[in-house]
Amino acid sequence: MSGQGGCSVERVTTATFAKLKADGAPIVVATAYDTPSARLVDAAGVDAILVGDSLGMTVLGYESTLPVTMDDMLRAVAAVVRGASRTFIIADMPFMSYQAELADAMRNAGRFLAEGAHAVKIEGGNDDIRYTTATLVEAGIPVMGHLGLTPQSVHALGGYRTQGKTAEPAAALIEAAVGLQDAGAFSIVLECVPAELARIISELLEIPTIGIGAGDRCDGQVQVFHDLIGYGAGDRVPRHAKRYADVDAVIGDAIRGYVEEVRGRTFPTEAQSTHIDPEELAQAQVIFGAAGLGTEACEEPR
Ligand code: KIV
């Protein structure tokens, strides 16, 4: 695969996902929503970027993923594509972009691939979702499934809580996972399901499972960029997340330093300034004066 400027980079593909599972090597996925975050995630060696509809909360300030639109996601996907040269890019299909009509699902998934995404992710595992998965796959669009806590169904689930904690829901999750695999999904996210259940599903499936809050026996893990780096989330760390940095503190210190220096007139300094030849400046003042306006204002202290 050829990157910008002609340099060759080995792109992660669905075949890489299958090989990593076969080799028993953990698959690393992180979200990203713009070009700089995609660049950082790509350069850090992550296998795949999920352009998650979690952007509703992490970037757009919504309470849930429900208000996220196709336009929000398309812009984010295009920005991530510009930042990532090696990682596999999965576009999260937003609420109601695939549930109502199969034709919507096809058209909208196609728009993500046209923007440069390599796959789409859709939530749920009922018959309709399996059929949609099979149809997209048939059309050449790789599909990642998403089971367990599916945030687009937060109201139906009664909140953001672990799924599959009792026998029947647990069995239903296993059945849904097998159904999505049979429909042709290349991988399935398992979000907030008990570790033991995630392990059984992971061992049962030929395709890789990617866990978030699903224990350590999934075939890979996915985490939200902002949770990983401690950006914009305040003090609250979700139970399924681990904070590897405190970027909020770094940014806060930087901005406070800027505020202090502007108010103390120690920024900008000579290093951030440019100058005009004094004769050109004098001439400019003459021109300005000749235009009928006085030069006094220019001589005022700033
Ligand atoms: O939107 C998202 O970021 C996700 C992950 C949490 C799996 O769906």
Side-chain angles (χ1 to χ4, degrees), residues 17 26-34 37-38 41 46-70 72-77 79-80 84 87-99 108-109 112 117 119-125 129 133 143-154 157 159-164 173 176-177 180 185-193 198 201-202 207-215 218-229 231-233 236-243:
F17 267 62
I27 301 166
V28 189
V29 184
T31 69
Y33 313 99
D34 56 20
S37 59
V41 168
V46 159
D47 297 306
I49 291 177
L50 169 65
V51 189
D53 62 355
S54 51
L55 126 157
M57 285 99 103
T58 55
V59 177
L60 301 179
Y62 295 132
E63 290 290 319
S64 76
T65 59
L66 301 180
V68 175
T69 64
M70 274 299 294
D72 293 333
M73 294 302 300
L74 284 166
R75 198 169 289 262
V77 166
V80 165
T87 40
F88 188 71
I89 300 169
I90 304 153
D92 217 355
M93 296 197 64
F95 184 55
M96 283 303 138
S97 69
Y98 59 95
Q99 290 98 332
N108 289 326
F112 284 126
V120 297
K121 176 169 81 58
I122 60 179
E123 295 185 5
I129 294 294
T133 300
V143 176
M144 172 177 260
H146 186 160
L147 295 173
L149 171 50
T150 45
Q152 291 173 14
S153 307
V154 59
L157 298 175
Y160 296 103
R161 55 186 58 169
T162 301
Q163 301 296 306
L173 276 176
L180 287 176
F186 74 93
S187 176
I188 300 174
V189 167
L190 297 177
E191 179 165 355
C192 294
V193 304
I201 294 173
S202 304
I207 59 172
T209 59
I210 307 295
I212 174 164
C218 290
D219 301 303
Q221 296 292 326
V222 56
Q223 285 285 304
V224 169
F225 180 79
H226 291 59
D227 292 341
L228 288 173
I229 66 168
Y231 178 33
R236 201 189 138 268
V237 185
R239 187 176 150 75
H240 59 255
K242 178 173 171 187
R243 192 169 278 186

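Whatever order the structure lists them in is the order used to number ligands and atoms, beginning at 1. The first residue in the sequence is number 1, and the count goes up from there.
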Distance-only N or O hit between ligand 1 and Lys121, under 3.5 Å: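 Right, the criterion is met.
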Ligand 1 to Glu191 polar contact by distance, N or O atoms, under 3.5 Å: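 No, there is no polar N/O contact under 3.5 Å.
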Proximal ligand 1 atoms for [X], defined as those under 4.0 Å from one of its heavy atoms:
{"X": "Asp92", "result": "1 (O), 2 (C), 8 (O)"}
{"X": "His146", "result": "7 (C), 8 (O)"}
{"X": "Gly52", "result": "1 (O), 2 (C), 3 (O)"}
{"X": "Thr31", "result": "3 (O)"}

Any Glu123 heavy atom less than 4.0 Å to ligand 1: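 So Glu123 does not count as touching ligand 1.
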Sub-4.0 Å heavy-atom approach of Gln223 to ligand 1: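 It does not; every heavy atom stays at 4.0 Å or beyond.
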Test side-chain contact (heavy atoms from CB on, under 4.5 Å) applied to Asp72 and Asp53, Val77, Leu60, Val59, the passing residue: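 In the set Asp53, Val77, Leu60, Val59, the residue that makes a side-chain contact (heavy atoms from CB on, under 4.5 Å) with Asp72 is Leu60.
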Option among Leu149, Asp227, Thr162, Val222 that satisfies the side-chain contact (heavy atoms from CB on, under 4.5 Å) test with His240: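 When side-chain contact (heavy atoms from CB on, under 4.5 Å) is applied between His240 and each of Leu149, Asp227, Thr162, Val222, only Asp227 qualifies.
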Compare all side-chain heavy atoms of [X] with those of [Y] and state whether any distance is below 4.5 angstrom.
{"X": "Val193", "Y": "Leu147", "value": "no"}
{"X": "Gln152", "Y": "Gln99", "value": "yes"}
{"X": "Phe17", "Y": "Met144", "value": "yes"}
{"X": "Ile212", "Y": "Gln223", "value": "yes"}

Distance from atom 4 (C) of ligand 1 to nearest protein heavy atom, with residue and atom: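 Answer for atom 4 (C) of ligand 1: Leu50 CD2, 3.5 Å.
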Nearest neighbour in protein (non-hydrogen) for atom 2 (C) of ligand 1: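 Result: Ser54 OG, 3.3 Å.
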Interatomic distance, Met93 atom CE to Glu123 atom CD [nearest 0.5 angstrom]: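 Answer rounded to 0.5 Å: 11.5 Å.
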Distance-only donor-acceptor check, side chains Tyr231 and Thr58, under 3.5 Å: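 No, Thr58 and Tyr231 have no side-chain donor paired with an acceptor closer than 3.5 Å.
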Stepwise side chain to side chain contact (heavy atoms under 4.5 Å, CB included) check, Thr31 with Phe225: CA-CA 5 Å; Thr31 69; Phe225 180 79; 3.6 Å; yes
Per-residue contact class, [X] against ligand 1 - non-hydrogen pairs under 4.0 Å:
{"X": "Asp53", "answer": "both"}
{"X": "Ile212", "answer": "side chain"}
{"X": "Thr65", "answer": "neither"}

